[in-house]
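Reviewing the structure listed below.
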Amino acid sequence: MDNYVNQYVVVAIFILLGILLPAVALTVGRLLRPHKPNDPKRTTYESGNEPVGEGQVRFNIRYYMFALMFVIFDVETVFLYPWAVAYNKLGLFVLVEMFIFAAMLFIGLLYAWKKKVLKWNSV
């Protein structure tokens with residue numbers, strides 16, 4: 001029973017530290033830093049030049065789609081490395097599982113290709 005309670009105490013300590021440490025660090029930083037606002041400090045900074053135009057620019061959705069596709073396939077292919085390293089020890093079951101995983105990635109790529117996510121039209 002003591003071991004069971006001790007595990008909860010450890011979790012409670014970590015939660016408490018996770019809340020208190022950032023709060024204390026931000027409070028101490030706020031108290032120690034100088035606070036002397038003036039007009040030049042409140043302006044938008046663009047490499048020392050005066051800002052021209054609006055600060056918000058609309059980007060084409062294709063940039064986000066390409067980035068999302070890259071992240072998905074980049075992260076998913078990272079799962080192939082541990083399998084490749086331990087291939088001899090894992091056996092036939094894991095080989096079949098990896099083929100299923102690779103097939104799912106390929107189906108996702110075909111789906112993106114069919115939806116013309118990968119097609120780039122210059123605007």
Side-chain angles (χ1 to χ4, degrees):
M1 185 69 174
D2 286 336
N3 190 20
Y4 185 72
V5 174
N6 285 342
Q7 291 176 353
Y8 278 105
V9 170
V10 170
V11 171
I13 289 171
F14 274 106
I15 290 173
L16 189 65
L17 285 174
I19 293 170
L20 283 179
L21 285 177
V24 169
L26 290 172
T27 304
V28 169
R30 185 178 187 102
L31 294 173
L32 294 179
R33 72 174 180 238
H35 183 70
K36 299 176 185 174
N38 55 28
D39 288 336
K41 286 184 179 179
R42 292 186 181 138
T43 61
T44 305
Y45 181 73
E46 290 186 8
S47 302
N49 298 327
E50 290 295 322
V52 177
E54 292 187 28
Q56 296 178 349
V57 179
R58 298 191 92 194
F59 288 100
N60 196 332
I61 189 68
R62 288 186 198 108
Y63 294 121
Y64 299 110
M65 295 302 290
F66 267 75
L68 187 60
M69 291 295 292
F70 172 76
V71 168
I72 288 171
F73 284 102
D74 189 47
V75 169
E76 296 301 326
T77 54
V78 167
F79 291 125
L80 295 173
Y81 288 116
W83 172 78
V85 169
Y87 171 71
N88 290 334
K89 299 176 187 175
L90 297 176
L92 183 64
F93 177 73
V94 177
L95 177 66
V96 172
E97 291 290 326
M98 192 50 62
F99 276 126
I100 293 170
F101 178 74
M104 290 174 65
L105 282 178
F106 186 69
I107 290 169
L109 181 62
L110 288 178
Y111 178 78
W113 196 312
K114 186 174 181 176
K115 291 289 185 175
K116 299 188 190 312
V117 172
L118 303 174
K119 190 173 184 179
W120 188 268
N121 296 330
S122 53
V123 179

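Cluster partners of L20, by chain and number: L16. The rule joins Ile, Leu, Val, Met, Phe, Trp and Tyr whenever side-chain heavy atoms lie under 4.5 Å apart. Applying the 4.5 Å side-chain rule to ILVMFWY residues, one finds I15, I19 in the same cluster as V11.
Annotation: the span from L109 atom CG to I72 atom CD1 amounts to 11.0 Å, rounded to 0.5 Å. The CG atom of L31 lies 11.0 Å from the CG atom of L26; values are rounded to the nearest 0.5 Å. In this structure, CE on M69 lies 10.5 Å from CH2 on W113, to the nearest 0.5 angstrom.
For N88, there are no side-chain contact (heavy atoms from CB on, under 4.5 Å) partners, not counting sequence neighbours. Under the rule for a side-chain contact (heavy atoms from CB on, under 4.5 Å), the partners of K116 that lie at least two apart in sequence or sit in another chain are K119. Remark: F106 engages no residue in a ring pair (Phe, Tyr, Trp, His ring centres under 6.0 Å) (not counting sequence neighbours). In this structure D74 satisfies the side-chain contact (heavy atoms from CB on, under 4.5 Å) test together with F70, T77, sequence neighbours excluded. Listed by chain and residue number, W120 satisfy the ring pair (Phe, Tyr, Trp, His ring centres under 6.0 Å) test with F66 (two or more places apart in sequence, or in another chain). Applying the side-chain contact (heavy atoms from CB on, under 4.5 Å) test to P22 and every residue at least two apart in sequence or in another chain returns nothing. The ring pair (Phe, Tyr, Trp, His ring centres under 6.0 Å) check on W83 picks up Y87, with sequence neighbours excluded.
Tracing side-chain contacts under 4.5 Å through hydrophobic residues (I, L, V, M, F, W, Y), one reaches F93 starting from L80; they form part of the same cluster. Cluster annotation: F99 is connected to L90 through the hydrophobic network of ILVMFWY side chains, with a link wherever side-chain heavy atoms come within less than 4.5 Å. Neither L17 nor V24 shares a network with the other; the hydrophobic side chains, linked directly or stepwise wherever heavy atoms of I, L, V, M, F, W or Y lie under 4.5 Å apart, form separate groups for each. Hydrophobic clustering of Ile, Leu, Val, Met, Phe, Trp and Tyr side chains at less than 4.5 Å, counting indirect connections, unites F73 with Y64. No continuous path of hydrophobic side-chain contacts links L110 to M104 [ILVMFWY only; heavy atoms under 4.5 Å].
Applying the ring pair (Phe, Tyr, Trp, His ring centres under 6.0 Å) rule to pairs touching residues 5-28 yields Y4-Y8, sequence neighbours excluded.
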